[in-house]
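Before any comments, here is the structure.
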Amino acid sequence: MASVDELFEAAKAIQAKAYAPYSRFKVGAAIATATGKVFAGCNVENAAYPVGSCAEAGAVSAMIAAGESRIAQIVVMGEGENLVTPCGGCRQRIREFAASDTPIHIAGPEGIRKSFTLDELLPFSFGPDNLSSP
Ligand code: THU
């Protein structure tokens, strides 16, 4: 599995490519899978504001397009002083492909600022198992 350092560098590199002319808030995300691969994404905004997509959504799309579906750990990197924790929708996107103890590392340009598990960010979550009949 890729190290947190490798994910940090991948998130930083793709953050620079973000298309965020409206918020001017660039975000990068990098997913490590258990197979040793790294998939990254950046936010892509749109003049029709609600149509914009988050960095995590891009990273998940890249992972799925490559035929992988398990997130081992993920780094999300934003700008500014505050922690750029994934938005609610992206917590759910990550949840679909991760375990309750999957690490989610929140970074700034200088390094990892704080790490959470998925369960800490999305407790009592709804997932594929909730759809199974008893
Ligand atoms: N953004 C992300 O890419 N990921 C998040 O989890 C939080 C927010 C983006 C969306 C928008 O382009 C910009 O950051 C400001 O909200």
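Along the sequence shown, residues carry numbers from 1. In each ligand, atom 1 is the first atom listed, and ligand 1 is the first ligand listed.
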Contact atoms of ligand 1, heavy-atom distance to Glu45 under 4.0 Å: 11 (C), 12 (O), 13 (C)

Answer yes or no: does an N/O atom from Cys54 fall short of 3.5 Å to an N/O atom of ligand 1? no

Check ligand 1 against Pro86 and write out every atom of the ligand that is under 4.0 Å from a heavy-atom position of the residue. 6 (O)

If only atom types and distance count, is the side chain of Asn43 paired as donor or acceptor with the main-chain N or O of Val27 below 3.5 Å? yes

Quick test of your reading of the model: are Lys26 and Glu79 salt-bridged, counting only N-O distances below 4.0 Å? no

Protein heavy atoms near atom 16 (O) of ligand 1, is at least one of them under 4.0 angstrom away? no

Give a yes/no verdict on whether any heavy atom in Gly52 is under 4.0 Å from an atom of ligand 1. no

A student comparing Asn43, Asn46, Val44 should find that the heavy atom closest to atom 14 (O) of ligand 1 comes from Asn43

Using a cut-off of 6.0 Å, state whether more than 12 heavy atoms not belonging to Glu110 lie near its atom CD. yes

CZ/Arg91 to OG/Ser125 distance, rounded to the nearest 0.5 angstrom? 12.0 Å

List every atom of ligand 1 that sits less than 4.0 Å from any heavy atom of Glu56, numbering the atoms from 1 in the order shown and giving each element. 2 (C), 3 (O), 4 (N), 5 (C), 6 (O)

Side-chain (Arg95) to main-chain (Leu118) donor-acceptor, under 3.5 angstrom: no

Heavy atoms only: which of Gly88, Ala55, Ser23 lies closest to atom 3 (O) of ligand 1? Ala55

Distance from Ile74 atom CD1 to His105 atom NE2, nearest 0.5 Å? 9.5 Å

